[in-house]
Protein chains: 2
Amino acid sequence: MVTIKDVAKRAGVSTSTVSRALSGNIPVSEETKKKVMKAVKELNYQPNVLAKGLKLGRSKTLGLLIPNVRDLVFPAAIRGIEDTANKYGYTVVLCNTDEDIEREKIYINSLRRRLIDGFIISTARPGHKHLLELNNEGFPMVFLIRRIKGNFDAVTADNFQGAYDATKYLLSRGLKNIALVNGSLDILLYRERFKGYKKALEEANIPLNNDIVIHNVYGWEDGYKAMATLLEQKLKVDAVFATSDPKAIGVIRAIKDYGLSVPDDISVMGFDDLDVVGLLDPPLTTVSQPFYNMGVAACEMLIRIIEAKRRPKPMIKTLPCKLNIRSSVR
Amino acid sequence: MVTIKDVAKRAGVSTSTVSRALSGNIPVSEETKKKVMKAVKELNYQPNVLAKGLKLGRSKTLGLLIPNVRDLVFPAAIRGIEDTANKYGYTVVLCNTDEDIEREKIYINSLRRRLIDGFIISTARPGHKHLLELNNEGFPMVFLIRRIKGNFDAVTADNFQGAYDATKYLLSRGLKNIALVNGSLDILLYRERFKGYKKALEEANIPLNNDIVIHNVYGWEDGYKAMATLLEQKLKVDAVFATSDPKAIGVIRAIKDYGLSVPDDISVMGFDDLDVVGLLDPPLTTVSQPFYNMGVAACEMLIRIIEAKRRPKPMIKTLPCKLNIRSSVR
DNA sequence: AACGATTGTGCAAACGATTGCATTACACAA
DNA sequence: TTGTGTAATGCAATCGTTTGCACAATCGTT
């Protein structure tokens, strides 16, 4: 490997001068700068990131904590993060926590030994004390997609508005008995979506019917069960708003299995707009979250925090969702 | 941060002793070892990976080169890699190349500045000269999923056997006119799958009908077009073997759009068994690739290469595929 | 003409680990 | 007693950077 010493020798200057010429922080005469650049080119010098990191105490590395890459919500966001990190010369390390706090702690620890510069966290749940501690230390971190209440940096979708728009749209299609198949209210974003749903009903003067709202639904299997329950009870339902696409997939399968048709008998609205849902039968009408852009925004925010001299005030960036109308709503 | 010096001071020994006690490579008396361990515990000492990496010239970091995380083939493999790397104390850096050689070269370069220990490569295509160079240097690398001809370390599925079994199965269901919707023959794995298909037909004494084999199909849109062409030509087809699930998805949509039914009119067989294809309508019968285990195997192979004193002989590990029978074949 | 500012450069000390070599202490044999 | 061997430890150099400090040269001011 060619080091800064080789460059210095070739350019006939000291290593300090090379370092300064390269960083540009400290003035170096035009002439020597030219000599240095020439030597750098000729030798194809590439600074050793580890050495630099050791000296500076930072590694130009970012940690990304997610529950599981296989969850289809994440790949697009990861891509946004990765592209952005790369643009600014950072490298990103992916960590799958499986929603396991111990695993998460171990990851955080082992990355800190590598002098990681900051974290993007998509695993937030209430009661993650270790994250609060990290934040109190002033360690750079931003929440992505999921966040927790409080004064933290975060990038999320506008979950309230997305749910509100979706419900409004269902209402505008003449659908009145809109069931809600929702996730756990422990998670902030499901609370927000619930609020959006309620607000839209309220504005339409439709009372909330608790018989047809189901919470704590996770994944398509649960979605299937929730819908099956609804159908068994013979409740009047002409549309279902499932607050994530996997739930919607389960809901659709249940409706089909009960011999009914989507959207002729029951309309279904999803939330997320995962890459695959346009390929379903019928193609799913759903609220589109800008995952890629959320990844970009989170990464830029984190890098800004890392590179600032003083920690900027925490801010929550909320990106708008938009309806992606396909064919699962009549 | 607590350093090895702090530990040394607390234990009343030199840093060298601490280092030796910790690594275990060089004998240290039981008594001092105990003292050192005690100090380590009390101070919660975590060695600085960058410093160690700088000194040793290795970083305990692995690079993973894939075309795109959003391609559903990869998440499961990534997960396998990640879990394994983690188990051995390695960290993995994800790189999306978008099949762009320049991007790939830049990534490889920038990771080498970080003293990366090795690469897992899923982007192989013929004519990737820079990969050959890397290999000639003796740099640790293993191909995953895709590989190129030659004497390289690699982990792949048994593409020949998978395609052979799939075709056999279609034949066993009484399907005779089996169209093939295949990828580019530039890519080794599609050549293998083509061979498996031909072998099965041959054994059943069915001559290869080139009118119903289509190559160079990429993604679901192309799959749709390929199937549409077949249907337009009114060729006799009672089954389609699509050599990747996205192609199969396109094929199914085309069949439906032409007013026919899967599997009643035409059966469809896929290849990959992506996480979502069980949720399609009809659930896809497909050849299941053990992506997770392939990731695990590739990562273990790479780590073995990295940690060996002498580079072991290149080996190609081929994992079996198995048929996942659902409902798209009658 | 003398003096302080300013600018450009080099020396050498860090960053936190590992390791070859030297040193010490001790046991044992001659 | 002396010498040799062995085991345990410490010293100091090293990995490739950055940067505080010192110094030299140049310039403008009084």
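Here is the naming used below: chain letters follow the sequence lines, and residue numbers restart at 1 for every chain.
Looking at heavy atoms from C-beta onward, B:Val73 lies in side-chain contact with B:Asp272 at the 4.5 angstrom threshold. Contact of the B:Arg125 side chain with the B:Arg146 side chain is registered, since non-hydrogen atoms from C-beta on lie closer than 4.5 Å.
Residue A:Lys9 contributes atom NZ, which lies 15 Å from atom P of C:dG10 at whole-angstrom precision. Atom CZ in A:Arg112 sits roughly 14 Å away from atom P in C:dG16 (whole-Å rounding). Protein atom CG of A:Leu22 is 12 Å distant from nucleotide atom C1' of D:dT18, rounded to whole Å. With rounding to whole Å, A:Ile26 atom CD1 is found 15 Å from C:dT6 atom C1'. Atom CD of B:Glu30 and atom P of D:dT9 are 10 Å apart (whole Å). In this structure, the CD atom of B:Glu31 is 14 Å from the C1' atom of D:dA7, given to the nearest Å. In this entry the distance linking CZ of A:Arg20 with P of C:dT9 reads 9 Å, nearest Å. As rounded to whole Å, 10 Å separates atom C1' of D:dT19 from atom CG of A:Asn25.
Checked for salt-bridge contact, B:Asp83 and B:Arg79 meet the test: a charged N lies under 4.0 Å from a carboxylate O. Under the 4.0 Å criterion applied to side-chain N and carboxylate O atoms, B:Arg112 and B:Glu137 are assigned as salt-bridge partners. Ion pairing between B:Asp117 and B:Lys60 fails under the 4.0 Å rule for side-chain N and carboxylate O. A salt bridge does not link A:Lys35 with A:Glu31: every distance from a Lys NZ or Arg NE/NH1/NH2 to an Asp or Glu carboxylate oxygen is 4.0 Å or more.
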Base-pair string, DNA chain D, Watson-Crick plus G-U, cut-off 3.5 Å on both distances, | for inter-strand, is ||||||||||||||||||||||||||||||

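Taking 4.0 angstrom as the limit, B:Thr17 places a side-chain polar atom (N or O) nearer than this to OP1 or OP2 of D:dG10. Contact check, B:Ser16 against D:dC11: no side-chain N or O comes under 4.0 Å of OP1 or OP2.
Counting non-hydrogen atoms under 4.0 angstrom, B:Ser29 reaches the backbone sugars and phosphates but no base. Among the heavy atoms of the strands lying under 4.0 Å from A:Thr32 are primed sugar atoms or P, OP1, OP2 only; no base atom is included. Among the atoms of the strands shown, none is found under 4.0 Å from any heavy atom of B:Val49.
For the residue pair A:Thr32/A:Ser29, the side-chain donor-acceptor check at 3.5 Å is satisfied.
Just one residue in the list A:Asn96, A:Asn109, A:Thr123 forms a side chain to side chain donor-acceptor pair (under 3.5 Å) with A:Glu104, and that residue is A:Thr123.
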Sort me out a list of protein N/O and nucleotides 13-16 of chain D N/O pairs below 3.5 Å, or just none if empty.
unit_1, atom_1, unit_2, atom_2, d
D:dT14, O2, B:Lys55, NZ, 2.6
D:dG16, N2, A:Ala51, O, 3.4

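Taking the six-membered ring where tryptophan is involved, the planes of B:Phe119 and B:Phe139 are tilted, since the angle between them lies from 30° to 60°.
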